[in-house]
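All figures in this text were calculated on a predicted structure; none of them were measured in a lab. Here is how names work: the chains are called A, B, and so on, in the same order as the sequence lines, proteins then strands, and each is numbered from 1.
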Amino acid sequence: MSARGPRFFAIGVAIAILLTLPLWIANSYYVNIASQILLWAVAALALNVLVGYGGLVSLGHAALFGAAGYTAALLLKAGHGHLVADLAAIGFTLFVSAIFAILSLRSTGIAFLMITLALGQILWGIAYRWVSLTQGDNGVNVTTRPRFFGISLATADAFYYAVLIVFALAVISMAIFVRSPFGASLRGTRDQARRMNALGYNVWLIRFLAFLFSGFWTGIAGLLFVYYNQFISPQVMALQTSAEILLMVISGGTATLLGPIAGAAIVVVMKNVASAYIERWNLVLGVIFVLIISFMPDGLIPGTARIWRSGWQTLRARAARGVRVS
Amino acid sequence: MSLWLTLAVNSIALGGLLFLLSAGFSLIFGLMRIPNLMHGSFFMLGAYFGVSFLQQGVNFWLAALLSGVAMALIGGLIERFLLKRLSGQELPQVLLTLGLSFIIADLCLMIWTGDPWQPATPPQLRGAVQVAGLFFPIYRLAIVAVAVVVALALWLMIDWTRLGAKIRAGVDDAPIARMVGIHVSKLFTLIFALGAGLAAFGGVMGAPYLSVYPGLDAEMLPLALIVVILGGTGSLVGAFVGSFVIGFLYNFGQAMFPDLAYVILFLPMVLVLVLRPQGLFGKVMS
Amino acid sequence: MATSALALDNISAFYGDSHVLHGVSFTLGEGRLLGLLGRNGAGKSTCMNVIVGLLRAREGDISVFGESVRRMSPELIASRGVALVPQGRRIFRSLTVRENLIVATRNGNGKKAAWTDETVFAMFPRLRERRSQLAAHLSGGEQQMLAIGRALMNNPRVLLMDEPSEGLAPQIVAEVMGTIRTLKASGLSILLVEQNPRLVFDIADDVVILNSGEIALAGSAKAINPNDARVAQYLGVF
Amino acid sequence: MTALAINALCKSFGGLRVTSNVNLSVEAGERRLIIGPNGAGKTTLFNLITGELSPDSGSIELFGSDITKLASRKRAHLGVARTYQIITLFAGETILHNVSLALLGLSPLRWSFFGNLDRQHHIVESAREALAHVGLETIAARPLAQTSYGERRRVEIAMALAQKPKLLLLDEPFAGLSIDERRDVQQLLKRIPREVSIVMIEHNMDVALDFAEKVTLLHFGEVIVEGTRSDVVNDPRTREVYLGH
Amino acid sequence: MKVQRRTVLKGLLAASAAVAAPPFLRAQAAPFKIGLLTVKTGPLAQGGNQMEQGILTFLTEKNKTLAGRAIELIVADTGGNPAGAKTKASELIERDKVNVILGPLAAFELLAITDYVRDNATPLISIAAAEDVTQRKANPFVIRPSATSAQCCHAMGDFASKELKFKRAATISEDFAFGYEQMAGFQRVFEDNGGKVVKKLWPPFVTPDYTPYIAQISNVDCVFNGFAGSNPVKFMRAYADLGVKDKIPLLAGWTAMDDALLKSLGDEAVGVISAAWYSSEANTPSNKRFVEGMQKAYGVLPGGYSAGMYVAGQCVEAAIQILGGKADDRKALAEALHKVSLTDTPRGPVKFDQYGNVVGDVFIRKCEKKDGKLVNTVIKTYPNVSQFWSYDEKAFLGNPVYSRDYPPAKNLE
């Protein structure tokens, strides 16, 4: 119970920092980096629904991310409005998610991983090779960002706040989802699928819905990405991107809310900020992943929490001894 | 007509190369159940090793062998000191092998720069044979021959030697195998090293044909995956047949349906996973 | 009792949190046959797993001809001449009959090995007929023979047998018991785990009865009356 | 009324018959004990009844209606609950959460994206009731990782009981328990109301026999003997199976 | 062979410290910042590294001082993808506040950031080839001292039809804008001179084996290829291995036979005829300095990527000169860049048209083996080639931009 106080305090501080970020980071470049972290965090949180809570490791989520992005970009290019494009993008992503789910949920474990990987590659292959539709490697430009209640999102700050709102909604929906009876059911299917079935749960349907939920937020993240870059190309849907999102989740810590966010921060910062100082940033990123897996196999957030707790306990024990001595 | 013939012969040649790539993956993924996402990196690093050996004036075949041995050593060390501790944990294995593939890719870029390297074909295999008025490079046919030799050697080793029997025993029932005195853990290190070495050997064999350049790893990994999954995990026959099937799908897909080339390549993998998860030649795991 | 071939001293073992063996001690004399009895879940197989190193004892010690093997890996224990015929046979199903044998070859102590695939085939002619077949295709009795043969290929000094009669037709059981007699006569030290007390009392020099992971009764086979009410009770039959 | 009727049920795994023409009839409210040596096909029979396996032939009826082809989860909704020989719990959760999951499985609430499972009063109350029944209400909030093996056995039973089953299948509920713990479990099984029909697999006949009215002996997937306790105990075929003489 | 970047930087620092700037310049404390948008990781890193070497060679030669201004070079690695290019452009512009950006490498990277540099009023000197950036969508902040995709290909189309007298051609290039635009330029001039392009093939950028495409080529007088990156190496080997090279002459765009690529190529490249806007053989004083500098620092023969950046550096120097050193107004700098006219660059004289694209020489080269080494020997020079070739500018711009479908290929068989 006593942990609740510091936790609320920490959450309060985090919210305050996020809300005021553009004010004390005057440089729009860093505001943009913050936007990127948040939008990738949404994607990582979405994947975490499957990986962390469902025990289903997908290596095809970049395809869902890209499906949303491409739908929106192509519809905008065809002259449709933002609302139409965005709704259609989400709808199409859900449709693709459903197909992915129907095909991949016949198995779990490594076979699930492989099916999602193959499906992801198919979608990537379409974006890459169906040039008459997608313009292939040249990508699709998106000329404008949408306006929210008359506020243009063209500036870094405005866009940051828009991403922040979406990010907050994602975190809240994840927090609600995790505690909800449905979330408990999903975790149950992760731990003891057979028993869940015998207890009266429809394991397949639970996983299917979780896949849609995950696909929904992945699609949202894909939309944010397209609006952020105002551009999309097949590289976004490549295996590399799926792997990166997965690495965000695993390195941060699966089945936690904070883990995927931390993982997204590591990857985005390494890729965009550290790369300006460290020429061999890819190597450093690889080393970071290897170190995390070697020393904190459950991920950065749970690992740090564990070290923190044990350190705290040692301190307390030492303090207690001290009191006794005096 | 000549187009189809060229495509068909080339499909077989590509199949041979794919077998060299995926035989090791079949051992590692099929027997040890490790989703080794750095297999493409082994292939690429091996090819670079080969390039360096060749620059030192080493004979082509010796370079391929040396590169295989070097990669086997590296693979063995990775398995022994990093992967072993994660046995049976897929997620950490995925993270580790991906992390290592980042490292290998960047190291290669550091050492061999971004320039493409295309070693010359070994002198005795230059030139082309004429098949029905069409030229066909001897070297590619040689790759098929090498693939067949490697396949035979692997088959002999796995199916006809005591070592192979011990490996299969370790895969069948590891605890009991240990109990009858088989050093299962050492054998698995050996398999991993062998798989890595084979990939590197394949990399050198492929170098005069594909050339070596950054990004080769990411191109080869999905191909290894499709081959092994299509053929059936843990089945050498499957990897062999799968390689040639993919060789054909790749060549004819690119030529006939360029827009859908990747759909044609990956759809069979999805179908196999969904309809026949053990692959065309895999055994049902009980 | 002569030299001890195998000695368990106050062994405690756990499966996860489940305490399965509570301070078990017994000794198998060299050249003798000890029957380990107990009903399902009494801890018999756990004893076997602890001896061959598949499960680590949390407390106590195990020694083979005086050498402690408690901290050894299964491979190392096998090299000390301990072989197990596991419960349910667990032969390598994807190997041929002959391969099942040769993977277990150990030429111990520099001596010329007594057991080779040829001598095993001499003992079980039916296996010779099927030497090139996949082990998965053998009948239950043949699989049992193969499992025994595989253990013998280790040229063991101590042979452990975990319920060799389980799931076999009576005639085959008799055959297996005959084999065990022959092996015993050759001077091998044998630990035989059985659910079926009659078989054990027929053949064993000594008997140990386990109940809930503890030793309930122990003594020479002659000293214990198989029709004793306690025996029936500990073996779970009323 | 017949709670469970099994007719000519067969199941093979790769040529091995594990359930061979089994006929079994359990009356409503009955306590039935199934015994048999290892590999007799007892757990397979349970898996067939709950639908975790589907039979090759034969039929299963629950209170007169045919459930042979019904999905496992639907049988749970019809009142079939079971425990597992190998403890099958949600290791990362608290005791209370484990039992709540059992209750949630039968509640439409399980599809809800909103609310907090651990704050659903009627579920938590029922879960506590079930835990009280097995004597674990005081440690309900304890994470499962910090419980003893014996406590977990009781959580298994509490989960099955929480579902208020009509037919309860207990797979070796005494396995791995100390003598004291066994007595406790024996007591709590006795307290289960008579509306619940119970089929129990157990090796440990001294604790199990006085619980059951009727005993069925399975061997090689076949019913060898069936009858009252003394019928079965005194049957020479039982002695043959168990003592070999 | 290894790129000793750190040593090079150290050398630069030492050099700039040793040669003290003239006293009157000390007042201008803030250095002039050049941002280099390049690719140092991933499959395109080869060209990216060459770009960096080119500009470093130029700056070393100038002791890191251009027209009296001290220069600070900031290198950003896009990773070779559009999203990375966008982020890195914003890093250079918004964080580092550079005066001018050199780069990026690939057309799809340039396309992803042109709007962005215009919105942020930052001059950009690109060697990426996307045509429309200096045509229909001309961007006042962008100049291109290299060439549009089609600029050299026009000349190649002319040479193939008029001098080589080829009648039937097949084209093959990567399936993206750079490929489309190159092939379109070749096709247009070739067909306007009476030739026929009877086959157009578009393998994807990532293609392990080109055989399925080469196998489709037959019954033509020549094949024109426009591959880039490491692809030409693979393509030409397969082309020779399949025995097609001996039957059908191979023509190439500048990236496919770039001088820097020669060390990666073997005998299969001998005889290939290419059109390029830069030749390391060129006899200008600055080219001699450039080639020597590259040889000394990196031991390599420079190609277009390095030369483009060297010329870009010269343009920056000239623009600062035009502005009399007061080059901090980025809009003024962009205008000055458009006015730059150089007589001595490694590629020959350079000036810009009103759209910011270079007007310069195009060389037709034939690959030969001399002393065991491959060289591209210049066999013809087309002087002062504009991006519009000999076509009327208005009419040219009235047509759609070159693409996979434009100009339409009417003679496909």
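- When all heavy atoms of A/I176 and D/F113 are compared, the pair lying nearest together is CG2-O, 3.3 Å.
- D/L103 does not touch chain A: none of its heavy atoms, backbone or side chain, sits under 4.5 Å away.
- Looking only at heavy-atom pairs under 4.5 Å with chain A, the residue among D/L89, D/D118, D/V80 that has the most is D/L89.
- Within the model, atoms CH2 of D/W111 and CD1 of A/I206 stand 5.0 Å from one another, a figure rounded to the nearest 0.5 Å.
- Here the side chains of A/R187 and D/H97 are in contact, with some heavy-atom distance below 4.5 Å.
- Of the possible donor and acceptor atoms, one in the side chain of D/Q163 sits under 3.5 Å from a partner among the backbone N and O of A/L199.
- The minimum heavy-atom distance linking D/E52 with A/A198 is given by the pair OE2-CB, 3.8 Å.
- Salt-bridge check for D/E156 with A/R195: passed, with a basic side-chain N closer than 4.0 Å to an acidic carboxylate O.
- Of the listed residues D/A76, D/S72, D/S107, the one with more heavy-atom pairs under 4.5 angstrom with chain A than any other is D/S72.
- Atom CG of A/N197 is separated from atom CZ of D/R73 by 7.0 Å, given to the nearest 0.5 angstrom.
- Checked against a 6.0 Å centroid threshold, the rings of D/F114 and A/F177 do not count as neighbours.
- For the set D/L109, D/T50, D/L104, D/I123, the count of heavy-atom pairs under 4.5 angstrom toward chain A peaks at D/L104.
- Side-chain contact between A/F182 and D/R110 is absent, with no heavy-atom pair separated by less than 4.5 Å.
- Of the two parts of D/T88, the backbone and the side chain both hold a non-hydrogen atom closer than 4.5 Å to a non-hydrogen atom of chain A.
- Proximity to chain A (any heavy atom under 4.5 Å) is shown, for D/A81, by neither the backbone nor the side chain.
- The shortest non-hydrogen separation linking D/L101 to A/M196 is CD2-CE, 4.3 Å.
- Using a 4.5 Å cut-off on side-chain heavy atoms (C-beta onward), D/L117 and A/S180 make no contact.
- The environment of A/R194 atom CZ is dense: over 12 non-hydrogen atoms of other residues, nucleotides or ligands sit within 6.0 angstrom.
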